[in-house]
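Values below: every heavy atom of this structure, side chains too, minus hydrogens, waters and symmetry copies. Given the structure is predicted, the values throughout are model-derived calculations rather than measurements.
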Amino acid sequence: MPDAEFEAILTRAAEGAKRALADVGLDGDEAALDIRDLRSLVDCIRLVRRTAMQTAVRMITTGVMLALLAGIAIKLKIFGGSP
C-alpha cells in the first residue's frame with residue numbers, strides 16, 4: 001500500500017472518530033475529562049453491583065444459619081418446650 005493511500009485512510013478514520021465523538025457529546029477541550037469521569041462512573045457502578053451481591057449472599061447465608069439454629073433449638077427443646 002502506498003504511503004499516500006495509507007495517509008488518506010488514516011485521515012478519513014480520524015475524521016470519522018472525531019465525528020463519532022462529537023455525536024455523543026465528547027468533543028472539545030473537556031473531552032478527556034469527560035471520558036475519565038465516565039470511566040470512574042462505570043467503575044463505581046461495578047463496585048456497587050459487586051458489593052450488593054456480596055451483601056445479598058451474606059444475608060441469605062445468615063438467614064439459613066439462623067433457621068438452622070432455630071431448628072436445632074426447637075428440636076433440643078432449649079427454650080422450655082412442653083414435656
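Distance NZ/K18 to CD/E15: 7.5 Å, rounded to 0.5 Å. The structure places CZ of R50 at 12.5 Å from CD1 of I45, a figure rounded to the nearest 0.5 Å. Here the CZ atom belonging to R58 is positioned 8.5 Å from the OG1 atom belonging to T51, to the nearest 0.5 angstrom. Rounding to the nearest 0.5 Å gives a distance of 6.0 Å between CD of E7 and OG1 of T11. Note: E30 CD to D37 CG = 9.0 Å, rounded to the nearest 0.5 Å. The CG atom of L38 sits 9.5 Å away from the CG atom of L33 when rounded to the nearest 0.5 Å.
Both V24 and I35 belong to a single network of hydrophobic side chains, linked directly or stepwise wherever heavy atoms of I, L, V, M, F, W or Y lie under 4.5 Å apart. No chain of hydrophobic side-chain contacts below 4.5 Å, direct or via other Ile, Leu, Val, Met, Phe, Trp or Tyr residues, connects V42 to V48.
In this structure, D27 and R19 have side chains that are not in contact, with every pair of non-hydrogen atoms separated by 4.5 Å or more.
Atom CG of D3 sits in a sparse spot, with 12 or fewer heavy atoms from other residues, nucleotides or ligands closer than 6.0 Å.
When every heavy atom of L26 is checked against every heavy atom of A31, the shortest pair comes out as O-CB, 3.3 Å.
Within the 3.5 Å criterion, the main-chain N or O of V57 finds a donor-acceptor partner in the side chain of T61.
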